[in-house]
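A note on names: the letters A, B, ... follow the listed sequences, proteins ahead of strands, and every chain is numbered from 1. Below, all heavy atoms of this structure are taken into account, side chains as well, without hydrogens, waters or symmetry copies.
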Protein chains: 2
Amino acid sequence: MGGMAAQTQPKQSEAKLLVVEDDANILELLSASLRFAGFDVSTATSGSAAVSAAKNTTPDLVVLDVMLPDLDGFEVIRLMREGGQRTPVVFLTARDGTDDKIRGLTLGGDDYVTKPFSLEELTARIRAVLRRTTQGDEEPSRLVFADLELDEETHEVYRAGQRVQLSPTEFKLLRYLMLNANRVLSKAQILDHVWKYDFRGDDNIVESYISYLRRKVDNVQPRLIHTLRGVGYVLRKPAV
Amino acid sequence: MGGMAAQTQPKQSEAKLLVVEDDANILELLSASLRFAGFDVSTATSGSAAVSAAKNTTPDLVVLDVMLPDLDGFEVIRLMREGGQRTPVVFLTARDGTDDKIRGLTLGGDDYVTKPFSLEELTARIRAVLRRTTQGDEEPSRLVFADLELDEETHEVYRAGQRVQLSPTEFKLLRYLMLNANRVLSKAQILDHVWKYDFRGDDNIVESYISYLRRKVDNVQPRLIHTLRGVGYVLRKPAV
DNA sequence: CCTTGCCTGCACGCTGCCTGAAAGTTTTCT
DNA sequence: AGAAAACTTTCAGGCAGCGTGCAGGCAAGG
């Protein structure tokens, strides 16, 4: 089921990202999918390379693994900002026990995501940080499709004006559907984006969550979540 | 239905700050978060640099480490004021010894914070000093959300008109929640802002204090402190 | 009619969260 | 200074919500 599926994410983008990660597999995963999402991505595989890359390319945001072979993430940031750069950061951190270093990562409008993460989650954080730190631009945090509304900041969801409570996975799935409204998404694609990259389960879980979502947010007319047998799912208004 | 969208950081000011600190990590911590809080921050890493920076940039307030490699903080202030500047100061000081000298200086409307400090505490002091020294501005010292009131100067808290006694940490946590009302705060974020930067404990302490706060200030309807499982906490009026 | 893919109820185990209580620390009082 | 009180931090038990797999049933398409 692995395959990475191509699609152009709608908007918010053209932002320049610098992705810093020493694990080649994860770096490839990240740069490929962030490019598809519409970002202008450059990469580095060490802290010192990251610092000089940041000087040359002046990215709008840095995706930065805190655990690097040479410098750690904090040093990288300090050096970058010593040079007068105010670049916001989304840190990548390991989730394991001895995570002493996981302090101060949310300061200055920055944020972090723990490994393993889902691409949905990472891109959501990136969007949120860009929204916060890019002034004047005022990218809305509220996704709207038909009478369905989802607020990325407050995690509130409404259908036909009614508040609906969603679990974290339900929320991520719905956000992914809404960001890709009118686009058909295969189960493999959904699994690749909404579930963590180390998930080794079965497609059926997507069916389950589609089912949950239908019960909670698609129990009124018009139906918005549609099944395309043998192909996937799509969020769209019924055919005219 | 939905909440009121878009809030910007409590940015009380756009006030110009000069931050003087020789430890690179702490300087980065301070400048990043004070900038995000809406201040216009410039920095210096030595006493002599601070004096000339103060002459050039004429800050509204100086955040000043008393222990510096060349001059100490008192010298810095003396030189600055010899030049006719009467800039207010928030000192950063180690917990031991020289308290006496500082006590004297707080009489002029200045204040001090002992290391290690929490960002909540530092920004609260900065706001308080600016409030005192900036005339006419009339920044209120009283935070109000629904029937919850918190006075930053007297440290009094009321819920539904009833006086409530809070411990220092409870007070700081509630103030942080109120300053960020309607914004979802992760436990990591709360830890980063409300607890001292050298705290090496775990998230559970945030849960404990949320629990204490609920018992003291959120034991009546409507409930204002809400848990978002897997995401964080938020202070808001219940959904419509 | 049969095949294939999808839907959904159910059950199990896990995770995140809440809270009481104990231990450790700081502050206040005498 | 010593004792008492207040506060902070940790630990552990309990609980509800959640993620996941399974299996029986249903619908669509040939």
Excluding sequence neighbours, so at least two apart, what forms side-chain contact (heavy atoms from CB on, under 4.5 Å) with A:Pro168?
-> none
Short side-chain to backbone donor-acceptor contact, B:Lys216 and B:Val164, under 3.5 Å | no
Within this structure, what is the CG-to-C1' distance between B:Asp203 and C:dT19, rounded to whole angstrom?
-> 16 Å
Any luck finding a side-chain donor-acceptor pair between A:Ser118 and A:Glu120 under 3.5 Å?
-> no
May I ask you to evaluate whether A:Tyr233 reaches the phosphate of C:dC7, defined as a side-chain N or O under 4.0 Å from OP1 or OP2?
-> yes
Can the ring centroids of B:Tyr209 and B:Trp195 be said to lie less than 6.0 angstrom from one another?
-> yes
Per-helix bend value, the helix from C:dC1-D:dG30 to C:dT30-D:dA1, C1' rotation axes over five pairs per end, 10° rounding, shows 30°
C:dC17 OP1/OP2 closer than 4.0 Å to side-chain N/O of B:Ser211 | no
Would a line drawn from the ring center of A:Tyr233 to the ring center of A:His226 be shorter than 6.0 Å?
-> no
Please list, in 5' to 3' order, the outermost nucleotides of DNA chain D lying under 4.0 Å from any heavy atom of chain B.
-> D:dC7 to D:dC18
Partner of A:Lys115 by salt bridge (charged side-chain N to carboxylate O under 4.0 Å, His left out), out of A:Asp65, A:Asp23, A:Asp198 | A:Asp65
Within the modelled atom types, does a donor on one side and an acceptor on the other bring the side chain of A:Arg229 and the base of C:dT4 under 3.5 Å apart?
-> yes
Could you tell me the separation between the CG atom of A:Leu191 and the CZ atom of A:Arg200, rounded to the nearest 0.5 Å?
-> 9.5 Å
Taking OP1 and OP2 of C:dC18, is either one under 4.0 Å from a side-chain nitrogen or oxygen of B:Ser208?
-> no
Take A:Tyr212 and A:Gly230, find for each the nucleotide of DNA chain C with the closest heavy atom, and name the residue whose nucleotide sits nearer the 5' end.
-> A:Gly230
Could you tell me whether the phosphate oxygens of C:dG5, OP1 or OP2, come under 4.0 Å of any side-chain nitrogen or oxygen in A:Lys187?
-> no
Please state whether the phosphate of C:dG20, meaning OP1 or OP2, lies under 4.0 angstrom from any side-chain nitrogen or oxygen of B:Arg215.
-> yes
